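Each remark here refers to the structure printed beneath this line.
Keep in mind that what you see is a predicted model, and the values were worked out from it rather than measured. Only this structure's heavy atoms are used, side chains among them; waters, hydrogens and symmetry mates stay out.
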Amino acid sequence: MSGNDNFESEEMVSYEIGYRFIPASQWSFDTTVFYNDYGKLRSVSESDSTIDFSTFPNYISQYVLFGNSLDGYNYGVELSSLWVATHSLQLRANYSFIQSEFGGSLNQNTDAPEHMLSTIIDWNITDDIDVNFVWRFIDNNNVISQNGTSMKTIPSYHSVDIGLRWMVTPDISLSAFGKNLLHPTHLEYEGESLQFPYRVGPSYFVKATLSF
């Protein structure tokens, strides 16, 4: 890999507009529309790339020069609704849609899942104990495979997180959390250029907090 003194950081100009509608004191709706314009994305100059066979058959060296000649954009909408059912129970629903347009020559994983949906429940069971419940769905996503020459699809998945907190005293709290509880380890992201895939499985942890 050859360094390029002229290589720059990518640029993004983002446009966003939102509106909140409150039909009742305990109920609200939020809508956001956005457009992101990306420039100076990483590119590979094939004309400046060379392959060295002098060390064959032990290995082959390929020299690649990075540039900033690619661009693209994405746009979408985000919807969210909050219902304060009681003073101790809140429910929220979120949905997002995103459409990415980066072209077929892009050599990095920039696309995002097209559809994402989540629900969140916050419940204060007592004055000292509260529970948080999260369910989410992530749509499938197309990424560049590890060999960098073909595309693959990361399947959609859904998962659940649960958290429990107990205020032992006004200064001491104990918490327990479980994340990604529905399924075993699943693939969420995979980097290009021979990087290891990013897999996520169920996890559990506890926390003690002392405030002073």
Side-chain angles (χ1 to χ4, degrees), residues 12 14-36 74-100 109 111-141 143 153-191 196-212:
M12 183 191 75
S14 181
Y15 306 90
E16 183 176 315
I17 186 171
Y19 178 74
R20 171 170 290 178
F21 174 56
I22 306 177
S25 60
Q26 295 177 299
W27 203 353
S28 65
F29 294 91
D30 293 272
T31 303
T32 302
V33 178
F34 62 89
Y35 177 89
N36 300 317
N74 58 30
Y75 58 89
V77 60
E78 297 177 347
L79 307 174
S80 180
S81 178
L82 173 64
W83 178 36
V84 183
T86 69
H87 72 281
S88 60
L89 180 63
Q90 296 185 9
L91 298 91
R92 180 183 293 275
N94 307 295
Y95 169 76
S96 68
F97 167 81
I98 183 168
Q99 180 67 45
S100 300
N109 287 327
D111 288 350
E114 194 170 89
H115 302 279
M116 291 182 285
L117 177 66
S118 67
T119 58
I120 303 172
I121 299 175
D122 290 310
W123 181 23
N124 298 111
I125 301 175
T126 68
D127 291 339
D128 302 325
I129 300 175
D130 58 76
V131 174
N132 174 262
F133 175 90
V134 179
W135 173 86
R136 62 183 175 275
F137 166 80
I138 308 297
D139 200 6
N140 56 36
N141 191 28
V143 298
T153 298
I154 296 179
S156 62
Y157 63 92
H158 57 98
S159 186
V160 166
D161 300 340
I162 299 177
L164 175 66
R165 186 184 66 162
W166 173 34
M167 294 296 300
V168 182
T169 70
D171 300 323
I172 300 175
S173 67
L174 300 176
S175 305
F177 300 90
K179 301 179 70 67
N180 300 294
L181 300 181
L182 286 183
H183 302 288
T185 301
H186 62 275
L187 182 65
E188 289 194 357
Y189 178 79
E190 184 173 291
F196 289 106
Y198 182 61
R199 294 184 174 274
V200 175
S203 60
Y204 311 90
F205 61 96
V206 295
K207 181 174 70 173
T209 303
L210 172 62
S211 302
F212 56 90

Original post:
When you look at Asp122 and Arg92, which way does the salt bridge (charged side-chain N to carboxylate O under 4.0 Å, His left out) test go after all the steps?
Top reply: CA-CA 9 Å; Asp122 290 310; Arg92 180 183 293 275; over 6 Å; no
Original post:
Are more than 12 heavy atoms from other residues, nucleotides or ligands located less than 6.0 Å from atom CG of Leu210?
Top reply: yes
Original post:
What closest approach, in Å, do Thr185 and Pro202 show between heavy atoms, and which atom pair accounts for it?
Top reply: N-CD, 4.2 Å
Original post:
Would you call the rings of His183 and His158 parallel, tilted or perpendicular if under 30° counts as parallel and over 60° as perpendicular?
Top reply: perpendicular
**OP:** Over all heavy atoms of both residues, which pair between Arg20 and Asp30 is shortest? Give the atoms and the distance, please.
**Re:** NE-OD1, 2.6 Å
Subject >> Asp171 and Ser211: CA distance, side-chain angles, deciding distance, side chain to side chain donor-acceptor pair (under 3.5 Å) verdict >> reply: CA-CA 5 Å; Asp171 300 323; Ser211 302; 5.9 Å; no
**OP:** Could you grab the distance from atom CH2 of Trp166 to atom CD1 of Ile125, nearest 0.5 Å is fine?
**Re:** 13.5 Å
**OP:** Specify whether Tyr35 and Tyr15 have parallel, tilted or perpendicular ring planes, treating 30° as the upper limit for parallel and 60° as the lower limit for perpendicular.
**Re:** tilted
Original post:
For the residue pair Phe97 and His115, does the interplanar ring angle fall in the parallel (under 30°), tilted (30 to 60°) or perpendicular (over 60°) class?
Top reply: tilted
Subject >> Qualifying residues under salt bridge (Lys or Arg N to Asp or Glu O under 4.0 Å), relative to Arg165, sequence neighbours excluded >> reply: Asp130
Original post:
Should the pair Trp135 and Phe137 be assigned to parallel (<30°), tilted (30 to 60°) or perpendicular (>60°) ring geometry?
Top reply: parallel
Subject >> Sequence-distant partners of Lys207, salt bridge (Lys or Arg N to Asp or Glu O under 4.0 Å), two or more places apart >> reply: none
